[in-house]
Trainee: 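Starting off with a structure, shown below.
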Protein chains: 2
Amino acid sequence: MDIEQHKIPQATAKRLPLYYRFINNLHSQGKQRVSSKELSEAVKVDSATIRRDFSYFGALGKKGYGYNVEYLLSFFRKTLDQDEITKVALIGVGNLGTAFLHYNFMKNNNTKIEYAFDTNAEKIGTEIGGVPVKHIDDLEDIVKGDITAAILTVPSSAAQGITDRLVKSGVSGILNFTPARITVPDHIRVHHIDLSIELQALVYFLKHYPLEENTEQEE
Amino acid sequence: MDIEQHKIPQATAKRLPLYYRFINNLHSQGKQRVSSKELSEAVKVDSATIRRDFSYFGALGKKGYGYNVEYLLSFFRKTLDQDEITKVALIGVGNLGTAFLHYNFMKNNNTKIEYAFDTNAEKIGTEIGGVPVKHIDDLEDIVKGDITAAILTVPSSAAQGITDRLVKSGVSGILNFTPARITVPDHIRVHHIDLSIELQALVYFLKHYPLEENTEQEE
DNA sequence: GGATGATTGTGAAAAACTTAACGACTATCT
DNA sequence: AGATAGTCGTTAAGTTTTTCACAATCATCC
């Protein structure tokens, strides 16, 4: 129960799940050891950054050797609380919501979507990707106390209303895929992922931040 | 043709599409003027950051007044190249891909998905969200020279192979939704959006970075 | 068992980004 | 017209994040 190791930078924290997945891959492939350089090429993060990130957790590697995959894996499993499952609800079973439900989440993951909610009568009562679809009128009853986080994939007009209900039901984090910037009390964490903005941003970068043409061939 | 105004920080560039959308909203609502404080509450970005961001483009506002919505809108339209449409292809018409196709992209947007590609015979020849679905075997012929960016929503096992074909076909940017970290030549820009990692990161933050409970009620 | 090459962990520097603070200016009210 | 409240643009400070560079250490080979 080590509270107060808050010294891990947020930028590092965001990369941890990425590292975890690739270490898992390596382990499945039977790889015994890995260097920060190899890892860097796989996850596209500078090797010095990787070493720095790892170092916040102590000395995980050995000089002149690299990192032991087995050890790294068990360490990350512990750190990312892979044993303890976080329960999640998904609101809005449209195309995007359905995509989430079909993701094979439990693999390499500490989260489980327990319930999905929608208003469409055809979907209610069915299971999608193994997740039961409930009517949104039952949101409060089902979520109350039991669910930690919510994935919001509803039309943006419904976003704030549903959000308020989620907050009242005791959810502490929301992954918001709607274009609406929802308002929540200070103790609720919201991460926004806005698909349309991501595409626009990519296009802006293409036009205004041209990348170097590199004549060097990678080895 | 102002090349070399590269002085806009990347963090700012990423926020521009967000600003643009909200300014658009305000304009539709018939609002005449807006302050950085109001905008801040709407987009959830600190007001000083907004003023700083805007200032990279010169003096867009007036002291003691705020910003003229009309002017701001026309400025951003120009800056974000909203008049010139960027052609995009989407590869992989699964649930996530379909979600993208149904997005009403042309509204407030300078991008258009011209073609979608898949292998599923039932989908080929149809239109989804107004976008024709083609067989992936025809990728090179259709894309060649005509398409600037691609949205990658295929299974991760296919990601690198498709990527290589896209690069050969002259695409310069890829929005990668697969968990695979694809490898491309230096002059190709890739933005990764990894849904599973986003959820894991949210959960990690919930556990390790509890937010302040604020007794103050917002006005 | 010593020499060689590889690799970590980290101090220090640099770069990138955010926030505070305030002078200068504007609009509006009385 | 003067006072008041509001707001920008920006300087400077603060914070966070990345990167460099190298001593310390380890594995391996002859």
Side-chain angles (χ1 to χ4, degrees), chain A residues 5-16 18-19 23 26 31-72 75-76 79 186 192 201 204-205 208-209 212 219, chain B residues 5-16 18-19 23 26 31-72 75-76 79 186 192 201 204-205 208-209 212 219:
Chain A
Q5 23 86 283
H6 283 269
K7 295 305 135 231
I8 287 124
Q10 303 216 356
T12 297
K14 284 193 199 152
R15 285 187 290 262
L16 295 182
L18 181 64
Y19 296 148
I23 294 162
L26 292 177
K31 215 149 181 314
Q32 304 275 330
R33 59 187 258 192
V34 65
S35 69
S36 61
K37 185 150 166 283
E38 278 177 280
L39 215 42
S40 168
E41 279 153 22
V43 301
K44 317 289 182 194
V45 171
D46 187 272
S47 68
T49 301
I50 292 178
R51 292 200 300 281
R52 168 78 63 207
D53 283 347
F54 285 7
S55 78
Y56 291 117
F57 299 98
L60 302 181
K62 269 199 280 197
K63 302 183 181 190
Y65 174 87
Y67 301 90
N68 179 294
V69 173
E70 184 92 29
Y71 177 73
L72 219 46
F75 180 83
F76 272 98
T79 300
D186 286 350
H192 295 275
Y204 184 84
F205 276 95
H208 297 270
Y209 296 76
E212 303 288 319
E219 169 65 27
Chain B
Q5 23 86 282
H6 282 270
K7 294 303 136 236
I8 288 124
Q10 304 216 358
T12 296
K14 283 193 199 155
R15 284 186 291 263
L16 296 182
L18 182 62
Y19 296 149
I23 293 162
L26 293 176
K31 216 148 180 314
Q32 305 275 330
R33 59 187 259 192
V34 65
S35 69
S36 62
K37 185 149 167 283
E38 279 177 281
L39 216 43
S40 168
E41 278 154 22
V43 302
K44 317 287 181 196
V45 172
D46 186 273
S47 68
T49 301
I50 292 178
R51 292 200 298 283
R52 160 85 58 226
D53 282 348
F54 285 8
S55 78
Y56 291 116
F57 299 99
L60 302 181
K62 267 198 283 196
K63 301 184 180 188
Y65 174 88
Y67 300 91
N68 180 294
V69 173
E70 184 90 32
Y71 178 71
L72 219 48
F75 180 83
F76 272 99
T79 302
D186 286 351
H192 295 276
Y204 184 84
F205 275 93
H208 297 270
Y209 296 77
E212 302 288 318
E219 170 63 27

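Below, chains carry the letters A, B, ... as their sequence lines are ordered, and counting in each starts from 1.
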Trainee: Between C:dC17, C:dT18, D:dA27, which nucleotide has the shortest distance from any of its atoms to the side chain of B:Q10?
Mentor: C:dC17
Trainee: Go through D:dC8, C:dC17, C:dT19 for me and flag the one nearest to the B:R51 side chain.
Mentor: D:dC8
Trainee: Taking atom P of D:dT28 as reference, at what distance in whole Å does atom OH of A:Y65 sit?
Mentor: 8 Å
Trainee: Nearest whole Å is fine: how far is C:dA6 P from A:N68 CG?
Mentor: 21 Å
Trainee: Quick one: which of D:dC26, C:dT26, C:dA12 gets closest to the side chain of A:K62?
Mentor: D:dC26
Trainee: How do A:A48 and B:A59 order along DNA chain D: which one's closest nucleotide is nearer the 5' end?
Mentor: B:A59
Trainee: Would you tell me if any nitrogen or oxygen in the side chain of A:T12 comes within less than 4.0 Å of OP1 or OP2 on D:dT17?
Mentor: no
Trainee: Any side-chain N or O of B:T49 under 4.0 Å from OP1/OP2 of C:dT19?
Mentor: yes
Trainee: Quick check: on DNA chain C, is the nucleotide nearest B:G64 upstream (toward 5') of the one nearest A:S35, or the reverse? Name the residue that is more 5'.
Mentor: A:S35
Trainee: Within 45° of the axis and under 6.0 Å from the centre of the six-membered ring of A:Y65, does NZ or CZ of A:R33 qualify?
Mentor: yes
Trainee: In terms of the angle between their ring planes, are B:Y209 and B:F205 parallel, tilted or perpendicular, with boundaries placed at 30° and 60°?
Mentor: tilted
Trainee: For A:K14 and C:dC17, what is the distance between atoms NZ and C1' respectively, to the nearest whole Å?
Mentor: 12 Å
Trainee: In this structure, which one of B:Q10, B:K14, B:R15 forms a side-chain contact (heavy atoms from CB on, under 4.5 Å) with B:T12?
Mentor: B:R15
Trainee: Measure from NZ on B:K44 to P on C:dT18 and round the result to the nearest Å.
Mentor: 18 Å
Trainee: Does B:Y67 have a side-chain nitrogen or oxygen under 4.0 Å from the phosphate oxygens OP1 or OP2 of D:dG9?
Mentor: yes
Trainee: Identify which nucleotide among C:dA21, C:dG11, C:dT18 has an atom closest to any side-chain atom of A:R52, counting heavy atoms from C-beta outward.
Mentor: C:dG11
Trainee: Check the distance between D:dA5's C1' and B:K37's NZ and give it to me in whole angstrom.
Mentor: 12 Å
Trainee: What is the separation between atom CG on B:D46 and atom P on C:dT18, rounded to the nearest whole Å?
Mentor: 10 Å
Trainee: Got more than 12 heavy atoms from elsewhere within 6.0 Å of NZ, B:K31?
Mentor: yes
Trainee: Would you indicate, yes or no, if D:dT7 has its OP1 or OP2 atom less than 4.0 angstrom from a side-chain nitrogen or oxygen of B:S36?
Mentor: no
Trainee: May I ask you to check whether A:F76 and A:F54 place their ring centres under 6.0 Å from each other?
Mentor: yes
Trainee: Please give, in whole Å, the distance from D:dT28 P to A:K63 NZ?
Mentor: 18 Å
Trainee: If I take atom CG in residue B:L72 and atom P in nucleotide D:dT7, what distance separates them, rounded to the nearest angstrom?
Mentor: 15 Å
